[in-house]
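Below is one structure, written out as structure tokens; comments come after it.
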Number of protein chains: 2
Amino acid sequence: MSERQPTLRERQRSETRRLVQAHAVRLFTDHGYDAVTVADVAEAAGVSAMTVYRHFPTKEDLVLIDQPAQLIAEQVAASSAMQPLVRRVGGALIDAATALTDGNGDEPGADERFLLDCLRLMVSTPALRARHLDSQYALQQAIVDSLGDDASDPDAAFRAQAATSACMAAMHTALTRWAEDDGHTKLPDLIARALAASFGGDAVASHRED
Amino acid sequence: MSERQPTLRERQRSETRRLVQAHAVRLFTDHGYDAVTVADVAEAAGVSAMTVYRHFPTKEDLVLIDQPAQLIAEQVAASSAMQPLVRRVGGALIDAATALTDGNGDEPGADERFLLDCLRLMVSTPALRARHLDSQYALQQAIVDSLGDDASDPDAAFRAQAATSACMAAMHTALTRWAEDDGHTKLPDLIARALAASFGGDAVASHRED
DNA sequence: ACCATCACGTTAGTGACTAACATTTTGAGC
DNA sequence: GCTCAAAATGTTAGTCACTAACGTGATGGT
């Protein structure tokens with residue numbers, strides 16, 4: 001509670017942002033993404049349509065959540081280069097999910113509940129699903145870069161792309177299931193199971209970091 | 001050459017469709033997807049903008065190619081249920097790619113060249129890439145359905161989703177590489193290599209259908 | 001207290017896409 | 001060949017996402 005955003009302006013700005021996003025997700029969930037216009041969201045939040053676009057570049061960005069790309073990429077870069085690719089990437093994904101959904105015992109908190117609402121919209125709405133898949137694709141590129149394999153070998157780069165994309169796909173399956181289960185199942189466990197189903201149990205079993 | 005579309009109307013319709021699409025891909029490639037309006041495409045093809053929308057529901061559909069979902073799904077359904085999931089799906093993907101890029105020795109034909117142009121646009125343009133990833137996601141659902149596992153076991157369904165999505169991701173990597181290589185490398189080989197990099201060489205090695 | 005900056009509002013515009021209606025062209029029966 | 005229903009296309013008007021330009025009031029450092 002010490003280093004709060006100092007200036008009042010920044011606090012108000014992030015507050016309106018949060019407000020707009022909250023109203024947007026609620027309206028989208030209640031009436032459907034396509035049936036709600038940006039003007040509707042603006043009116044519900046008590047701002048002008050232009051303000052919505054100042055905070056969110058597109059209507060889709062009202063729902064899309066920032067993937068912790070930085071966190072995952074660092075975890076991948078820190079992993080041992082001796083391990084097989086899918087274990088390096090898969091382990092990093094599990095660790096990142098653990099870090100994200102950490103402090104909760106069984107019931108998700110308010111933040112996590114909002115995240116689940118967004119995820120459900122992303123899975124069910126075609127336009128949002130497409131954008132979400134593409135943002136995962138961007139994250140994939142970041143992970144491949146952080147793998148640190150020499151760029152001189154195009155074949156190694158291809159293998160890194162293939163293995164990473166497969167891991168991301170498994171994680172996406174876990175994410176979808178997590179949203180369907182309303183967050184009741186632990187996300188890291190779901191990811192581990194998805195990875196095991198894809199690459200075999202031995203590829204991820206010995207990951208425990210005790 | 002025997003069972004041509006009988007009626008003249010249908011021939012003309014598919015001909016204008018082909019014409020519009022050809023002009024669209026050419027203009028998009030030359031000037032960029034975002035810089036070309038649907039009105040531009042219509043004018044280049046000598047039709048009205050409304051006619052473009054009659055043939056293609058959205059601007060993006062001018063570039064997106066129909067994935068042979070039916071073919072792949074049938075091949076998956078016909079595969080032995082005894083094999084591991086990734087081998088069943090991966091094998092079907094390789095077979096489908098083989099069937100698609102069949103008759104060419106080294107140089108791609110006109111159809112394949114057009115397909116490569118579309119693919120390059122899909123990879124480089126964010127909006128098209130997103131839609132393409134989502135259409136692959138739809139194909140994934142079709143494959144999972146055709147796997148024929150009992151719907152009574154939700155855990156088995158989850159594993160099928162995870163394994164299939166990972167295979168699709170590997171194939172997408174191969175497809176991207178194929179477009180980058182301008183079709184010089186054989187697509188089935190690329191898919192096999194991507195699958196091997198993800199799941200290990202033994203998961204796909206013994207697939208040769210001599 | 002002064003003033004540059006920032007958040008927000010307003011307006012006008014572009015472009016993707018839809019709905020409704022008019023027009024022409026094709027195909028099938030007579 | 002003629003007629004008529006259906007299909008393909010054109011035209012117009014409209015909605016909505018999104019952008020650019022400009023104005024206004026509040027904020028915060030000096």
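Order of the sequence lines sets the chain letters (A, B, ...), proteins ahead of strands, with each chain counted from 1. Computed from a predicted model, the values in this text were never measured in an experiment.
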Among C:dC8, C:dA16, D:dG10, the one nearest B:Lys59 by side-chain distance:
C:dA16
What does A:Val36 touch in the nucleic acid at a heavy-atom separation under 4.0 angstrom: a base, only the sugar-phosphate, or nothing?
sugar-phosphate
Taking A:Glu15 first and then A:Arg18, would you say they form a salt bridge - that is, a charged N and a carboxylate O separated by under 4.0 Å?
yes
Heavy atoms from C-beta onward define the side chain here; which of D:dC18, D:dA21, D:dT27 lies closest to that of A:Arg54?
D:dA21
So, are A:Arg131 and A:Asp61 salt-bridged, with charged N and O less than 4.0 Å apart?
yes
Separation of atom CZ in A:Phe28 from atom P in D:dC16, rounded to whole Å
13 Å
Separation of C:dT14 atom P from B:Asp40 atom CG, nearest Å, is 14 Å
Could you check B:Arg9 against B:Pro57 and say which one's nearest nucleotide on DNA chain C is further toward the 5' end?
B:Pro57
Taking CG from B:Asp34 and C1' from C:dT14, how many angstroms apart are they, rounded to a whole number?
13 Å
What's A:Arg13 touching, base or sugar-phosphate or nothing? Going by heavy atoms closer than 4.0 Å.
sugar-phosphate
Quick one: is B:Ser48 getting a side-chain N or O under 4.0 Å of the D:dG10 phosphate, OP1 or OP2?
yes
How long is the line joining OH of B:Tyr33 and P of C:dG15, in whole Å?
14 Å
Check whether any side-chain N or O of B:His55 sits under 4.0 Å from OP1 or OP2 of D:dA8, and answer yes or no.
no
Return no unless some side-chain N or O of B:Thr37 is found under 4.0 Å from OP1 or OP2 of C:dG15.
no
Cationic N near anionic O, under 4.0 Å, A:Arg120 to A:Asp117:
yes
Could you tell me the separation between the CD atom of B:Gln12 and the C1' atom of C:dT26, rounded to a whole number of Å?
8 Å
B:Thr16 side chain N/O closer than 4.0 Å to the phosphate oxygens (OP1, OP2) of D:dT9?
yes
Within this structure, what is the CG-to-P distance between A:Leu19 and C:dA7, rounded to whole angstrom?
16 Å
A:Asp61 CG to D:dA17 P: how many Å, rounded?
14 Å
When the distance from CE of A:Met50 to P of D:dA20 is rounded to whole Å, what number comes out?
9 Å
Within the 3.5 Å criterion, strictly below it, is a donor on B:Thr37 or B:Asp40 matched to an acceptor on the partner's side chain?
yes
Can you confirm whether the side chains of A:His23 and A:Arg26 place a donor and an acceptor under 3.5 Å from each other?
yes
What nucleotide among D:dG10, C:dA7, D:dA17 has an atom nearest to a side-chain atom of A:Tyr53?
D:dA17
